Amino acid sequence: MAPTLKARTSWDDAWQRCLTVAPEAFRDDRVLNLWNAGWHADGHPLPATTPVDGRPVAGPPRLDAAGAHQAVRASLDQHRAWRHIPLAERRARVAATLDALAHHRDLLALLLVWEIGKPWRLALADVDRAIDGVRWYVDGVDTMLGDRTPLTGPVSNIASWNYPMSVLVHTLLVQALAGNAVIAKAPTDGGVSCLTLACALAAREGVPVTLVSGSGGQLSQALVRAPEIGCVSFVGGRDTGAHVATDVADLGKRHILEQEGLNTWGIWNFTDWPKLAATIPKLFDYGKQRCTAYPRFVVQRDAFDAFLAAYLPAVRTLRVGHPLAVSDPADPYPELDFGPLINAAKAKELTDQVAEAVDRGAVPVYRAAPDPGRFLPGQDTSAYVHPVTLLAPPPSSPLHHAEPFGPVDTIVLVDTEAELLAAMNASNGALVATLSTDDEATYARLAPQIRAFKVGHGTARSRGDRDELFGGFGASWRGAFVGGELLIRAVTQGPAGERLPGNFPEYHLMPA
């Protein structure tokens, strides 16, 4: 039988449920902006399509600069009131928001499937990590806050589209718990309906959240440079991040800027190939569209044959397809490693980069073919890219030095430890890295020379949850580090002259 859509999971089903659950935030064919504790049909909705099959979905209602300034001024008023709300009351409101998010867990996950193409398993994980992570802060915020006080103005959050719940909503609620009003800019590329529903549930509980959308050029003056803003939190690419960094540095404004880096996995004097083979499929979760993905393997030349013997069978097990395509409408959700990329334009860009790299000398080691049984008959598949592995991408290719943000692995062969380190540090700083070596002493000697915030010994590192800290080296991070109690410290004021752990123009301070 030809695959069909799982029952009660269509976009129309999800949209109708949104209209029922949060009618204040959703209109017949659009989402609204949230500011001054109310929902507004302002802005100009941008046409949008789902990467899953190209059909239309709700797009972000883009505000202009004047509208964004109005929203920021209203958020400052909320902030001045909220910062004096007793901590016990803030905890109760955030906890009630978490209960509401948990109640609507499946709808939030379904919206993530349609808006950003996450397979069901990963969509649920995104929602659950947000809820469980904030609950950890609710339980322990008293100790983390101590005598610290909220910032002088609201926190402005500009985040990429790939983790709307476990990164953006999680961060918003922790910032609010610490005593700040919070502002979020909805990503242009996807996730606006999921964020709208989450913010509607928070606003009902009296959490001072603002959600707006618009172009970076139009909104940056308000969301980054406005004097009302107490802190800027940014997650995204280096180009945009560099502009934000310049603005906040000029203004001396508190900031947290997480930017991309080329996360690398080094192989040196290593023999535990079954362990590596078991890890390879997990590294492709969500098509490597995440800040802690590992798209580059730096392999000792003498071990290349053994590496391929472990790598190729593992990568051939990857399952790619429509996240809701099943044999029978009553079947469970399909088990996939990833679905589409965020949009057809990104898929074409990445496919073109692969073709150009091969044309200039890269060796295609592996290219997967689509499985028709994982797609609906006749569906649009323009946003799908199947796994590709290239050996020795040329220096002229973006795949040589930048994160592809898609299911493309590159391999670089090295002969010396110096070459290994140079190749692992190719992007002037990264968020995570891993070195697989059998010798503990070799790892202890080389790991400190790898310019990544977290370096694993034969295991993948991640952003982390609860008390795990997070940051970056070099150009991958600017401003205060986060995670655990550092997230609270980053968005509160401590004693005069305090130096926050982070990567600042005037100093780099690692957590104690």
Side-chain angles (χ1 to χ4, degrees), residues 118-126 128-129 166 262-321 323 332-339 365-369 371 374 385-391 403-414 420 423-424 430-440 442-443 446-447 450 452 454-465 468:
K118 285 203 170 184
W120 182 250
R121 170 180 61 87
L122 299 179
L124 281 179
D126 195 11
D128 290 343
R129 283 182 61 196
S166 63
L262 183 61
N263 306 318
T264 58
W265 193 298
I267 308 287
W268 190 259
N269 292 341
F270 175 72
T271 58
D272 192 356
W273 302 111
K275 178 181 178 181
L276 180 66
T279 301
I280 295 298
K282 301 173 187 176
L283 302 182
F284 278 86
D285 272 357
Y286 194 35
K288 303 206 172 193
Q289 296 178 103
R290 60 190 194 279
C291 65
T292 54
Y294 286 85
R296 168 67 51 79
F297 288 92
V298 181
V299 182
Q300 187 175 13
R301 191 181 305 274
D302 286 348
F304 183 47
D305 55 342
F307 171 81
L308 283 184
Y311 177 89
L312 290 175
V315 79
R316 290 187 181 113
T317 68
L318 294 171
R319 302 154 298 180
V320 183
Y333 289 92
E335 285 292 330
L336 299 174
D337 296 288
F338 62 94
V365 173
Y366 177 72
R367 295 191 203 192
D371 178 355
R374 297 190 184 277
V385 174
H386 298 271
V388 176
T389 307
L390 301 179
L391 173 65
E403 182 182 17
F405 230 63
V408 176
D409 276 347
T410 57
I411 304 170
V412 173
L413 303 182
V414 295
L420 174 81
M424 293 190 72
L431 304 174
V432 297
T434 292
L435 178 61
S436 288
T437 180
D438 294 344
D439 183 45
E440 292 281 353
T442 298
Y443 175 81
L446 296 180
I450 299 171
K454 298 180 180 181
V455 181
H457 186 183
T459 58
R461 301 304 308 270
S462 68
R463 204 175 197 278
D465 296 299
E468 189 170 356

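Note that the structure is predicted; figures quoted are calculated from it, not measured.
The ring pair (Phe, Tyr, Trp, His ring centres under 6.0 Å) test applied to Phe270 returns Trp273, not counting sequence neighbours. Here Ser436 pairs with Trp265 under the side chain to side chain donor-acceptor pair (under 3.5 Å) rule; sequence neighbours left out. Take Ser462 and apply the side chain to side chain donor-acceptor pair (under 3.5 Å) test, not counting sequence neighbours, and it matches no residue.
A cation-pi arrangement is found for Lys288 relative to Phe284, the charged atom lying closer than 6.0 Å to the ring centre and inside a 45° cone about the ring normal.
Under a 3.5 Å cut-off, the side chain of Thr317 and the backbone N or O of Pro313 do not form any donor-acceptor pair. No donor-acceptor pair closer than 3.5 Å links the side chain of Lys118 to the backbone N or O of Pro323. Formation of a donor-acceptor pair under 3.5 Å by the His457 side chain with backbone atoms of Thr437 is found in this model. The closest donor-acceptor contact from the side chain of Asp409 to the backbone of Thr389 lies at 3.5 Å or more, if one exists at all. Using modelled atom types, one side-chain atom of Tyr294 and one backbone atom of Arg461 make a donor-acceptor pair closer than 3.5 Å. A donor-acceptor pair under 3.5 Å is formed between the side chain of Thr434 and the backbone N or O of Thr459.
To the nearest 0.5 Å, atoms CD1 (Ile450) and CG (Leu435) are separated by 5.0 Å. The line from CZ of Arg296 to CD1 of Ile411 is 10.0 Å long, rounded to the nearest 0.5 Å. From Phe297, atom CZ reaches atom OH of Tyr311 across 6.0 Å, with rounding to the nearest 0.5 Å. Considering CG of Leu413 and CD1 of Ile267, their distance stands at 11.5 Å, rounded to 0.5 Å. The structure places NE2 of His386 at 11.5 Å from CG of Leu318, a figure rounded to the nearest 0.5 Å.
Minimum interatomic distance between Val298 and Ala423 (heavy atoms only, all atoms of both residues): CG1-CB, 3.7 Å. Of all heavy-atom pairs spanning Gly339 and Pro119, the tightest one is N-CG, 4.0 Å. What you find for Gly456 and Tyr443 is that their closest heavy atoms are O-CE1, 3.4 Å. Nearest heavy atom pair, residue Thr271 against residue Asp438, reads OG1-OD2, 2.6 Å. When every heavy atom of Val385 is checked against every heavy atom of Phe338, the shortest pair comes out as O-CE1, 3.4 Å.
Looking at Glu403 and Asn263, their side chains never bring a donor and an acceptor atom within 3.5 Å of each other.
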- Task: Apply side chain to side chain contact (heavy atoms under 4.5 Å, CB included) to Gln300 and Asn269, showing your working.
- Result: CA-CA 8 Å; Gln300 187 175 13; Asn269 292 341; 3.2 Å; yes

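Under the 4.0 Å criterion applied to side-chain N and carboxylate O atoms, Arg290 and Asp285 are not assigned as salt-bridge partners.
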